[in-house]
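Okay, structure first, notes after.
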Amino acid sequence: MHWDDPESAAELVEYTRDEKIDEAKAALLDFFSDNQRKVFYERQVTVIFERLYFHWITVKALLELSEDGSISSEMLELAPKVPIRFFWARSNRYWRRQAARVVNLVRRFSDTAVTHAIGLQGELLVDAALPLAGFAPVARNVRSFNNKTWEETGHDLDRVVQREGVHYGVEIKNTLPYIPRDEFRVKLRMCKYLGLAPLFVSRMAPKNYSHEIIQQGGISWILGTQFYPFGHQELVETLKNHLQLPVDCPARIENGAVTRLLKALAWQNRRNTPR
């Protein structure tokens, strides 16, 4: 697979064809008709349409449209042996020049130093926000808890926090794509094994992920925005204006997001209370 794929090849094959794909194809055709002079890369389109369709639905719809010739597509190179797939309206004759500009922009925010800083910034903002919702920090980078140690894989949990006597295993994903399915399932199993309620903090997650978290007595806290560190404002504005990506450089997580977390906690507490 390539840098741009939101899912692994195995995951895309696993999801059987859904009627939503046909709905997504119609929406995508309208989208490319309205943007005939622009070129888009795969992950960009999945993020633009994520409020309507799961990422893998959008990917399958894009691939089917390109295979039947409704839109054009080509794989370019983001870095040596790292391809990136582009899509554009068939009427766009100057797509290659536009795609080259996008590749250069994607290279900027895919740089290892930038992605590392983005990950740290997400953790810093979440660490500052959780106490506002009554969570107390307990531990970081956790593999052992409650006299148990997770040894099935080499993973750890980003944080353990405590609120009203309940300990939560926290996973923080400040990324554009969903957390990979295999990693998601491992982290859920870790929480269960260590006796922790899962608390997944992400920019975006599919409903089936959130359902699995809730069924395990946990919380899926979706923030909607990818957080960049201070000093990256110019890049953030470029990404928002030219690529329509949900990115920002806030000083803190907004109060509304903390309120949503508190509401989710209250709902889960009512759900867990015997009647």
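A donor-acceptor contact closer than 3.5 angstrom is absent between the side chains of Y178 and E50. Inspection of the E212 and Q216 side chains reveals no N or O donor paired with an N or O acceptor under 3.5 Å.
Relative ring orientation between F40 and F31 is described as tilted, the plane-to-plane angle lying within the 30° to 60° band.
With R43 contributing its side chain and P177 its backbone, the two residues share no donor-acceptor pair below 3.5 Å. A distance-only check finds a donor-acceptor pair linking the side chain of Q44 to the backbone of L243 [under 3.5 Å]. Put simply, the side chain of Q226 gets close to the backbone of N174: a donor and an acceptor are under 3.5 Å apart. When atom types are taken as modelled, the side chain of S73 and the backbone of F86 share a donor-acceptor pair closer than 3.5 angstrom. Although no hydrogens or angles enter the test, the distance criterion places no donor-acceptor pair under 3.5 Å between the side chain of R143 and the main chain of T149.
Of all heavy-atom pairs spanning L125 and A251, the tightest one is CD2-O, 3.6 Å. Taking all atoms of both residues into account, the shortest heavy-atom contact from K240 to D248 is NZ-OD1, 4.1 Å. Nearest heavy-atom pair across G217 and P198 is C-CD, 4.4 Å. Among all heavy-atom pairs drawn from A129 and V258, the shortest one is CB-CG2, 4.4 Å. Residue R163 comes nearest to G134 through the heavy atom pair CG-O, 3.4 Å, listed as atom of the first residue, atom of the second, then distance.
The number of heavy-atom neighbours closer than 6.0 Å to CD of E19, taken from other residues, nucleotides and ligands shown, is 12 or below. By the 6.0 Å contact criterion, NE2 on H211 is open, its count of non-hydrogen atoms from other residues, nucleotides or ligands being 12 or less. Within 6.0 Å of the CZ atom in R107, the count of heavy atoms belonging to other residues, nucleotides or ligands exceeds 12. The number of heavy atoms from other shown groups lying within 6.0 Å of CG (N141) is above 12. In N147, the CG atom is not crowded: 12 or fewer heavy atoms of neighbouring residues, nucleotides or ligands sit closer than 6.0 Å.
Here the OG1-OH distance, from T58 to Y53, works out to 8.0 Å after rounding to the nearest 0.5 Å. To the nearest 0.5 Å, the span separating CG on L132 from CG on N255 amounts to 7.5 Å. Expressed to the nearest 0.5 Å, how far SG of C191 lies from CG of L157 amounts to 4.5 Å. Once rounded to the nearest 0.5 Å, the distance linking CD1 of I253 with CG of L223 reads 5.0 Å. Rounded to the nearest 0.5 Å, atoms CG (D156) and CZ (R159) are 10.0 Å apart. Note that the CG atom of L265 and the CZ atom of R270 stand 11.0 Å from one another [nearest 0.5 Å].
Grouping the Ile, Leu, Val, Met, Phe, Trp and Tyr side chains by contacts below 4.5 angstrom, directly or via other members, places V138 with W150. Both V160 and V186 are part of a single hydrophobic cluster, where members link through side-chain heavy atoms under 4.5 Å apart. The same ILVMFWY cluster, assembled from side-chain heavy atoms under 4.5 Å apart, contains both F49 and Y209. One hydrophobic cluster, built from ILVMFWY side chains closer than 4.5 Å, cannot hold both L120 and V247; they sit in different ones. A continuous path of ILVMFWY side-chain contacts below 4.5 Å connects M204 to I57, so both sit in one hydrophobic cluster.
You'll find the side chain of R37 stays beyond 4.5 Å of the side chain of Y94, heavy atoms only. L62 places none of its side-chain heavy atoms less than 4.5 Å from the side chain of R85. I219 is listed as a side-chain neighbour of Q268, based on a closest heavy-atom distance under 4.5 Å. Here the side chains of K38 and W88 are not in contact, with every heavy-atom distance at 4.5 Å or above.
The aromatic ring centroids of F109 and Y228 lie 6.0 Å or more from each other. For an aromatic pair to be called close, the ring centres must be under 6.0 Å apart, and F200 with F184 satisfies this.
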Full working for side chain to side chain contact (heavy atoms under 4.5 Å, CB included) between I71 and L29: CA-CA 8 Å; I71 60 175; L29 283 175; 4.3 Å; yes

Run F227 and L124 through side chain to side chain contact (heavy atoms under 4.5 Å, CB included) and show every step you take. CA-CA 10 Å; F227 303 125; L124 287 171; over 6 Å; no

As a quick check of understanding, evaluate side chain to side chain contact (heavy atoms under 4.5 Å, CB included) for R140 and D127, giving each step before the final call. CA-CA 11 Å; R140 302 162 66 97; D127 284 340; 3.5 Å; yes

Taking it one step at a time, do F135 and L261 satisfy side chain to side chain contact (heavy atoms under 4.5 Å, CB included)? CA-CA 11 Å; F135 292 92; L261 174 58; 3.9 Å; yes

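For K148 and Y193, the positive end sits near the middle of the six-membered ring, less than 6.0 Å away and at most 45° from its axis.
Remark: K187 engages E183 in a salt bridge, criterion side-chain N to carboxylate O under 4.0 Å.
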